[in-house]
Protein chains: 2
Amino acid sequence: MRPTKRDELVAKALSAFYRTGFQATGMDRLAAETGVSKTSIYKHFRTKEELILAALRLRDEQFRNFRTRRLEALADTPRGQLLAIFDLLGEWFRQDGFRGCMFIKASAEYQEPEHPIHAQSAEHKRLLFVHVRKLAEQAGAPDPAALARALMLLEEGAIVTAHLGYAPDPAGDAKAAARVLIAAALGPW
Amino acid sequence: MRPTKRDELVAKALSAFYRTGFQATGMDRLAAETGVSKTSIYKHFRTKEELILAALRLRDEQFRNFRTRRLEALADTPRGQLLAIFDLLGEWFRQDGFRGCMFIKASAEYQEPEHPIHAQSAEHKRLLFVHVRKLAEQAGAPDPAALARALMLLEEGAIVTAHLGYAPDPAGDAKAAARVLIAAALGPW
DNA sequence: GACAAAGTGAACTGATCGGTCCATCTGTTC
DNA sequence: GAACAGATGGACCGATCAGTTCACTTTGTC
């Protein structure tokens with residue numbers, strides 16, 4: 001289906017917010033970077049906050065689709081895919097323009113738990129957890145939820161550490177730790 | 001040594017920034033919350049950014065001192081202290097007013113790696129890593145740096161997850177995972 | 001009490017903020 | 001060419017932003 005002007009606006013807004021932050025990116029600048037006038041932006045979205053939410057929804061959808069497919073490409077088995085999460089993270093961290101996780105940053109800028117932006121960030125992570133737990137179930141983990149929660153912690157920790165930029169290989173470090181946790185849950189490799 | 005007006009200003013600024021964010025807290029509001037006029041603030045600090053840096057330095061110093069002492073209180077041995085990190089995190093997460101990690105939020109709002117605020121956030125984490133590696137060395141880990149990096153990832157992941165607020169017990173989850181990793185590195189408990 | 005140091009409040013500067021308005025332009029359809 | 005729909009740019013609104021100014025007040029020291 002042909003993308004509408006609105007879809008292109010959201011995609012470009014997503015990119016601008018990711019690169020320079022939510023509050024630090026004013027509407028004048030956003031209009032300049034998206035090539036859409038402020039009048040048109042406010043035709044599509046009642047407020048800046050609604051545009052941010054639309055951008056986060058787009059990111060959530062794109063990222064989770066991409067992640068599922070990439071994990072399936074990287075490994076044949078659920079167990080293999082659990083570990084491949086960290087290969088995928090390594091690929092992401094090495095990309096030009098890597099600037100951490102959109103949702104972690106959104107929840108840092110909008111801290112109230114009831115704030116829609118914060119809530120949507122939490123929901124994104126909850127959906128990722130559900131997917132990892134499913135892989136853990138399929139891999140035969142005795143406590144799939146516990147294994148999934150541990151792997152999520154390694155994943156979040158790797159992202160934050162990569163963004164801080166003080167450690168050489170957070171994805172590699174996380175993968176090594178994940179290997180130990182997966183072996184402890186599922187038996188030796 | 002008797003705290004100066006400047007010290008009190010920095011401590012109150014720290015609290016305001018932690019609660020409501022750096023960019024979202026304007027200087028008029030800061031003056032109102034600290035009880036120090038803008039004129040005086042600018043007598044002590046040339047810019048808002050310098051005040052933020054002073055607040056981060058204070059937080060780094062206070063937190064690392066507190067953390068070292070608290071870990072020593074929670075466990076007698078280096079190995080015990082490695083695990084006690086997560087008890088300390090649990091205590092912190094349960095505090096009223098918990099709002100994530102000052103430094104993770106600072107690096108989210110100031111993303112350029114060369115930006116002084118981002119660099120100071122990375123430095124804070126590097127110092128924490130050095131301390132954890134020292135504990136791992138003292139505990140007899142064959143690869144203390146690797147163990148320390150893994151535990152740091154769990155720590156950062158737990159903090160971010162606690163701030164997002166979608167999981168019930170991130171500190172407990174991280175502790176369970178840390179126990180496995182420490183056992184793998186140092187032998188059974 | 002005199003004086004210096006420190007601090008104040010509010011007005012100010014120039015700039016930017018989110019959001020609105022409107023005359024004008026562009027593209028499409030008939 | 002006319003009519004209509006969609007979009008624009010920049011001026012505008014009221015508010016806030018970081019930082020400055022200055023007449024005045026308070027505090028501390030001798």
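Letters A, B, ... are given to chains in the order of the sequence lines, protein chains preceding strands, and every chain is numbered from 1. The model shown is predicted, which means the values in this text are computed figures rather than measured ones.
- Distance from the side chain of B:Thr39 is smallest for D:dC22 among the nucleotides D:dC22, D:dT8, D:dA11.
- Under the 3.5 Å distance criterion, the side-chain polar atoms of A:Lys105 are matched with a main-chain donor or acceptor of A:Tyr18.
- Below 30°, between 30° and 60°, or above 60°: for B:Phe98 and B:Phe93 the angle between ring planes is between 30° and 60°, a tilted geometry.
- Taking the six-membered ring for Trp and the full ring otherwise, A:Trp92 and A:Phe63 have centroids separated by under 6.0 Å.
- Under the salt bridge (Lys or Arg N to Asp or Glu O under 4.0 Å) test applied with A:Asp87, the options A:Lys175, A:Arg70, A:Arg94, A:Arg179 reduce to a single match, A:Lys175.
- Taking B:Ser107 as the reference, A:Leu164, B:His118, B:Ser121 meet the side chain to side chain contact (heavy atoms under 4.5 Å, CB included) condition, with sequence neighbours excluded.
- The NZ-C1' distance, from B:Lys38 to D:dT20, rounds to 9 Å in whole Å.
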Handout entry: Worked check of side chain to side chain contact (heavy atoms under 4.5 Å, CB included) between B:Arg29 and B:Thr20
Key = CA-CA 11 Å; B:Arg29 175 177 183 164; B:Thr20 55; 3.2 Å; yes

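- Here CG of B:Asp173 is found 10.0 Å from CG of B:Leu154. Values are rounded to the nearest 0.5 Å.
- In this structure, the separation between CG on A:Leu56 and CZ on A:Arg59 is 10.0 Å, given to the nearest 0.5 Å.
- D:dA7 atom P lies 11 Å from atom CG of A:Leu9, rounded to whole Å.
- For the atom pair CD of B:Glu109 and CD of B:Gln23, the computed distance is 4.5 Å after rounding to the nearest 0.5 Å.
- Over its length, the helix from C:dG1-D:dC30 to C:dC30-D:dG1 turns its helix axis by 10°, as judged from the five terminal pairs at each end, rounded to 10°.
- Taken to the nearest 0.5 Å, the CZ atom of A:Arg19 stands 10.5 Å off from the CD atom of B:Gln111.
- A 4.0 Å heavy-atom criterion places the boundary nucleotides of DNA chain C facing chain B at C:dG7 to C:dA10, written 5' to 3'.
- Salt bridge present: A:Glu123 and A:Arg126 bring a charged side-chain N and a carboxylate O closer than 4.0 Å.
- With sequence neighbours excluded, the residues that form a side chain to side chain contact (heavy atoms under 4.5 Å, CB included) with B:Glu155 are B:Arg67, B:Ile85, B:Phe86, B:Leu89, B:Met152, B:Ile159.
- For DNA chain C, the neighbouring residues in residues 18-29 of chain A, judged by any heavy atom under 4.0 Å, are A:Thr25, A:Gly26, A:Met27.
- Contacts of residues 40-54 of chain B with DNA chain C (heavy atom under 4.0 Å): B:Ser40, B:Lys43, B:His44.
- Taking CZ of B:Phe22 as the reference point, atom NZ of B:Lys48 lies at 9.5 Å (rounded to 0.5 Å).
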